[in-house]
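The block underneath contains the structure these notes are about, expressed in structure tokens.
Everything numeric in this text was worked out from a predicted model, so none of it was measured. Below, all heavy atoms of this structure are taken into account, side chains as well, without hydrogens, waters or symmetry copies.
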Amino acid sequence: MQILYFASIREQIGKSEETISKPDGVETIADLVAHLRSFSEGHHNALESMMFVRIAVNQVHAQADHPVSDTDEIAFFPPVTGG
């Protein structure tokens, strides 16, 4: 699966994307986030609070219980403010 990170999430992780094989036991986005948090301190900090992080699977907005597969593109977006 291809993982994309945007804006402040990308900055905390230190990369804009990475490709991983779907780990055993990872069936949903929530499972994937828990797995990704173990990659580095940057991953942990960027994905620690998912309350405001937006997620897209194959360019469609998705919730934490959305299933994931090895062929998915999964994107993480930080909250956006405007004024």
message = Considering only residues two or more places apart or on different chains, which pairs with a residue in residues 52-63 satisfy side-chain hydrogen bond (donor to acceptor under 3.5 Å, both in side chains)?
response = Asn58-Asp72, His61-Gln63
inquiry  = Per the side-chain hydrogen bond (donor to acceptor under 3.5 Å, both in side chains) rule, what does the pair list look like for residues 19-29, sequence neighbours excluded?
reply    = Thr28-Asp31
ask   = His43 versus Glu18: any side-chain heavy-atom pair under 4.5 Å?
value = yes
key: Nearest-0.5 Å distance that lies between atom CZ in Phe6 and atom CD in Glu11   = 13.0 Å
key: Side-chain cluster (under 4.5 Å, hydrophobic types only) that Met50 belongs to, other residues   = Met1, Ile3, Tyr5, Ile9, Ile13, Ile20, Val26, Ile29, Leu32, Val33, Leu36, Phe39, Leu47, Val53, Ile55, Val57, Val68, Ile74, Phe76
